[in-house]
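Reading through the structure tokens given below for one structure.
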Amino acid sequence: MAAAVKVARLEKTLGSNKVLRGISFEAHSEEIFGLLGPNGAGKTTTLRIICTLLAPDAGSVGVLGFDTRTAPQEVRRRVGVVTAEIGVYPRLSARENIAYFAELSGLLDGDLDRRVDAVIERLDMASFASQRAESLSSGQKQKVAIARAIVHDPPVLMFDEPTSNLDVLASREIRQFMVESKGRGKCVIFSTHVLHDAERLCDRVTIIHQGRVVADGATADVRRGYQDLEDSFLALVETAK
């Protein structure tokens with residue numbers, strides 16, 4: 001199966017910190033792929049490179065055959081990103097937030113309105129779509145963030161620690177949405193340090209530590225003989241020191 005996202009020998013230095021030291025992995029359509037590691041491992045930097053917010057120092061990233069260096073606009077059209085830092089515009093309504101990002105994604109006129117209406121219905125947002133974002137709950141704001149990320153129907157969705165600021169019910173909705181997106185044929189990349197969530201959701205995982213890959217493969221294989229993925233993770237990180 002051809003990779004939806006292919007990361008090859010990626011390197012990145014930020015300031016004096018060598019964040020990525022030649023990491024490689026592949027993520028495919030119709031799967032939830034886990035990018036795992038402790039805080040500071042390089043997960044967010046990797047996702048920022050994939051969505052073209054950062055340029056790598058070395059190595060390459062391809063998204064559905066488009067290189068992030070040579071075809072960044074094509075990559076952006078095919079990627080949606082949800083992060084823990086929700087960052088909705090507080091004075092805009094939920095609908096206006098979504099429509100603004102739909103315009104940035106290149107949707108026009110009638111198609112834009114149709115897509116915005118469809119995503120509001122899909123995420124059950126009609127009851128608060130006209131409210132200013134500053135008045136919404138954290139779970140409602142996260143729905144706005146998801147709607148922004150999917151309004152242009154991208155084939156690749158990336159979730160960077162999406163549940164870290166949410167309560168139990170809102171976190172469950174995020175997990176259910178990831179599973180639903182996989183079922184719709186999307187490539188879902190889930191970056192987290194919450195190993196319990198990763199073990200339940202991810203088909204395959206790559207674990208990075210101090211900018212290097214320390215494990216890669218099917219989730220069950222990476223867990224190996226350990227009781228759970230967290231025990232395997234801790235052993236791998238300890239060995240990599």
Side-chain angles (χ1 to χ4, degrees), residues 4-5 27-34 47 50-51 63-64 74-192 197-198 200-203:
V5 176
H28 300 99
S29 301
E30 301 183 52
E31 77 169 357
I32 300 177
F33 170 83
L47 297 189
I50 293 172
C51 69
V63 177
L64 294 165
E74 296 297 335
V75 170
R76 289 173 200 145
R77 290 189 184 102
R78 290 161 174 80
V79 172
V81 184
V82 179
T83 70
E85 301 299 325
I86 297 171
V88 296
Y89 293 105
R91 296 182 66 126
L92 297 181
S93 70
R95 177 184 290 276
E96 289 167 340
N97 267 280
I98 301 164
Y100 176 62
F101 277 81
E103 289 183 43
L104 293 179
S105 299
L107 298 178
L108 301 173
D109 302 330
D111 191 37
L112 184 150
D113 293 335
R114 180 180 61 80
R115 292 281 193 95
V116 171
D117 288 342
V119 80
I120 286 173
E121 180 179 358
R122 180 180 172 194
L123 295 176
D124 193 23
M125 299 172 61
S127 63
F128 60 88
S130 61
Q131 291 179 226
R132 280 189 176 187
E134 62 190 358
S135 70
L136 302 179
S137 69
S138 60
Q140 289 170 331
K141 289 178 182 176
Q142 188 64 287
K143 279 194 173 184
V144 175
I146 293 174
R148 289 185 321 193
I150 68 171
V151 67
H152 58 305
D153 197 26
V156 176
L157 292 172
M158 300 194 299
F159 294 80
D160 186 11
E161 304 284 1
T163 63
S164 62
N165 297 323
L166 300 181
D167 61 26
V168 173
L169 293 177
S171 296
R172 184 176 65 181
E173 286 195 22
I174 294 287
R175 292 192 297 269
Q176 290 173 339
F177 182 78
M178 284 193 281
V179 173
E180 176 196 333
S181 297
K182 169 189 167 181
R184 296 179 65 238
K186 309 290 186 181
C187 170
V188 180
I189 298 177
F190 178 32
S191 171
T192 185
D197 283 350
R200 283 193 293 170
L201 293 171
C202 296
D203 301 285

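This chain uses plain numbering: 1 for the first residue, then up along the sequence. Note that these values count all heavy atoms, side chains included, but never hydrogens, waters or copies made by symmetry.
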(message) Within the 4.5 Å heavy-atom criterion, are R172 and V168 side-chain neighbours or not?
(response) no
(message) The criterion is side chain to side chain donor-acceptor pair (under 3.5 Å); which residues satisfy it with R76, sequence neighbours excluded?
(response) T52, Q73
(request) Give, for atom OG1 of T83 and atom CE of M158, the distance between the pair rounded to the nearest 0.5 Å. (result) 10.5 Å
(request) Mind listing the closest non-hydrogen atom pair of F33 and C202 along with its distance? (result) C-SG, 4.2 Å
(request) Would you name the heavy atoms of V156 and L64 that are closest together and state the gap between them? (result) CG2-CD1, 4.3 Å
Which atom pairs, one a donor and one an acceptor, fall under 3.5 Å between side chains of residues 140-150 and the rest of the protein, sequence neighbours left out?
unit_1, atom_1, unit_2, atom_2, d
Q140, OE1, S137, N, 3.0
Q140, OE1, S137, OG, 3.4
Q142, NE2, P162, O, 2.8
K143, NZ, L123, O, 2.8
K143, NZ, E173, OE1, 3.4
R148, NH1, G87, O, 3.2
R148, NH2, I86, O, 2.8

(message) Listing request: all salt bridge (Lys or Arg N to Asp or Glu O under 4.0 Å) pairs with a residue in residues 117-127, at least two apart in sequence or in separate chains.
(response) R95-D117, R122-E180
(request) Rounded to the nearest 0.5 Å, what's the gap from CZ on R91 to CD on E134? Could you check? (result) 7.0 Å
(request) To the nearest 0.5 Å, tell me how far M125 CE sits from S130 OG. (result) 11.0 Å
Going by atom type alone, with no hydrogens or angles, which donor-acceptor pairs under 3.5 Å involve a side-chain atom of residues 96-105 and a protein atom two or more places apart or on another chain?
unit_1, atom_1, unit_2, atom_2, d
E96, OE1, S93, N, 2.8
E96, OE1, S93, OG, 3.4
N97, OD1, Y89, N, 2.9
N97, ND2, Y89, O, 3.1
N97, ND2, L92, O, 3.4
N97, ND2, S93, O, 3.1
S105, OG, F101, O, 3.0

(request) To the nearest 0.5 Å, tell me how far D203 CG sits from K182 NZ. (result) 3.5 Å
(request) Locate the shortest heavy-atom distance separating L136 from A94; write the atom from each residue and the value. (result) CD1-CB, 4.3 Å
(message) Run the side chain to side chain donor-acceptor pair (under 3.5 Å) test against E74 and tell me which residues pass, sequence neighbours left out.
(response) R77, R78
(request) With the side chain counted from C-beta on, respond yes when L157 and V82 share a heavy-atom pair under 4.5 Å apart, and no when they do not. (result) no
(request) Look up atom CZ in F159 and atom CG in L201, then write down how far apart they are to the nearest 0.5 Å. (result) 10.5 Å
Give every donor-acceptor pair under 3.5 Å between a side-chain atom in residues 183-191 and any protein atom, sequence neighbours left out.
unit_1, atom_1, unit_2, atom_2, d
K186, NZ, D153, OD1, 2.7
K186, NZ, P154, O, 3.0
S191, OG, D160, OD1, 3.4

